[in-house]
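Remarks on the structure that follows.
Sequence lines set the chain letters: A, B, ... in the order given, protein chains first and strands last, and positions in each chain run from 1.
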Protein chains: 2
Amino acid sequence: MEKKADDILKERQLSITDSRKKILSLFLHGTGALSHNDIEKKVGERFDRVTIYRTLQIFLEKGIVHSIPTADNSIQYALCRNECGSGHHHDNHVHFVCKHCGNTVCLEDVTVPAVKLPKGFSSSQVEMIVSGICKDCR
Amino acid sequence: MEKKADDILKERQLSITDSRKKILSLFLHGTGALSHNDIEKKVGERFDRVTIYRTLQIFLEKGIVHSIPTADNSIQYALCRNECGSGHHHDNHVHFVCKHCGNTVCLEDVTVPAVKLPKGFSSSQVEMIVSGICKDCR
DNA sequence: CAAATTTTTGCAACATTGTTGCGTTTCCCT
DNA sequence: AGGGAAACGCAACAATGTTGCAAAAATTTG
Ligand SMILES: [Mn+2]
Ligand SMILES: [Mn+2]
Ligand SMILES: [Zn+2]
Ligand SMILES: [Zn+2]
């Protein structure tokens, strides 16, 4: 798994640094999405807050993770599994936020349904966030 | 219109105060959604930031406005036009964020399409946020 | 209408979250 | 291993959000 993180970083032409490896590993090993705060707590060594911000920023840009806006105003980040590249995200799946455990997960198999907009509106991106009780909490 | 705000406040059993009237009027007169920051700027008199936070909070609880999570982590608030009550929101319409003018609007006539979740997941709320170019910007 | 009671406001103080500049360290390439 | 580029940590700051409390305003009561 250590190997995997290195590969992904190399693939995206990012220098391989300790913080990037550790943070990326969190995403590779865990299941759900992580907020900045989650990462700060879960990462073993303590990297500077600024480093975590910058790491998430560049992971976003390079198409390694995508961000999920949630109702409580905490941005969640999750691994991109599809063909996302620099500035080109294609994560058109539904996100689920559990009101019980608080976890946010990507429902990779559930694609966002099409929606017909009024005349004059054109869409470039659609987000669908479902909240309720997840399968582990019922 | 001054009248209207008073009526809504009375209806929801809220004391009628200057700040509540002014802030509610912003929603009644304007077209789109407003963030905390928008309100701070647009409201003529300067109410304390805390008052605005508390006003939005109670408007949310009483079903006067609903909140819209957006990608840039700025919560937007918009008037409820349906039958929303204390703790019971029924604003199941799509929201549109224009990448050009930055405005967020409720597409009242576009209902959020149904989505089939994997086994074990149960949903209590679905948010759909579409971003692109609005009809005024094209 | 005026006094009593309840609610809301503004202020201060604080916590959390996010941003920027810069010197030092680490990484990459030859 | 050495030179140049990139990333890190630190400090300082800005923006956003929360809480307690006394003063002010609104509502209720007499
Ligand atoms: Mn996802
Ligand atoms: Mn709406
Ligand atoms: Zn759960
Ligand atoms: Zn627009």
- [ ] Report the nucleotide, chosen from C/dG21, D/dT19, D/dA6, that has the shortest atom-to-atom distance to any side-chain atom of B/Val50.
- [x]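 Taking heavy atoms from C-beta onward, the closest nucleotide is D/dT19.
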- [ ] Could you check which of D/dC10, C/dC11, D/dA6 has an atom nearest any side-chain atom of A/Ser15?
- [x]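 Per side-chain heavy atoms of A/Ser15, the pick is D/dA6.
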Task: First encountered from the 5' end of DNA chain C, between A/Tyr53 and B/Asp18 - done: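 Per heavy-atom nearest nucleotide, the more 5' residue is B/Asp18.
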I need the [atom1]-[atom2] distance between [X] and [N], as an integer number of Å.
{"X": "B/Arg12", "N": "C/dT8", "atom1": "CZ", "atom2": "P", "value": "16 Å"}
{"X": "A/Asn37", "N": "D/dG17", "atom1": "CG", "atom2": "C1'", "value": "14 Å"}
{"X": "A/Asp72", "N": "D/dT16", "atom1": "CG", "atom2": "C1'", "value": "15 Å"}
{"X": "A/Tyr77", "N": "C/dG18", "atom1": "OH", "atom2": "P", "value": "7 Å"}
{"X": "B/Arg49", "N": "C/dT16", "atom1": "CZ", "atom2": "C1'", "value": "12 Å"}
{"X": "A/Glu40", "N": "C/dA15", "atom1": "CD", "atom2": "C1'", "value": "14 Å"}
{"X": "B/Leu9", "N": "C/dT7", "atom1": "CG", "atom2": "P", "value": "16 Å"}
{"X": "B/Asp48", "N": "D/dG17", "atom1": "CG", "atom2": "P", "value": "14 Å"}

Task: Side-chain donor/acceptor of A/Arg54 to base of D/dG9, under 3.5 Å - done: yes
Task: SB check B/Lys10 B/Asp6 (cutoff 4.0 Å) - done: no
Open item on the list: I'd like to know whether A/Ser35 forms a side chain to side chain donor-acceptor pair (under 3.5 Å) with A/Asn37, so could you lay out the CA-CA distance, the side-chain angles of the two residues, the decisive distance to 0.1 Å, and finally the verdict.
Closed with: CA-CA 5 Å; A/Ser35 67; A/Asn37 198 6; 5.5 Å; no
Open item on the list: At 4.0 Å (heavy atoms only), tell me whether A/Arg20 reaches a base, stays on the sugar-phosphate, or touches nothing.
Closed with: sugar-phosphate
Open item on the list: Would you say the rings of A/Phe59 and A/Tyr77 are close, in the sense that their centroids are separated by under 6.0 Å?
Closed with: no
- [ ] Specify whether A/His90 and A/His88 have parallel, tilted or perpendicular ring planes, treating 30° as the upper limit for parallel and 60° as the lower limit for perpendicular.
- [x] parallel
- [ ] Assign the ring pair A/His66 / A/His93 to parallel, tilted or perpendicular, where the plane angle (0 to 90°) is split at 30° and 60°.
- [x] perpendicular
Task: First of A/Thr55 and B/His36 reached from the 5' end of DNA chain D, by closest nucleotide - done: A/Thr55
Is there a side-chain contact between [X] and the phosphate of [N], meaning an N or O under 4.0 Å from OP1 or OP2?
{"X": "B/Thr51", "N": "C/dT9", "result": "no"}
{"X": "A/Ser19", "N": "D/dC8", "result": "yes"}
{"X": "B/Asn73", "N": "C/dG18", "result": "yes"}
{"X": "A/Thr17", "N": "D/dC8", "result": "yes"}

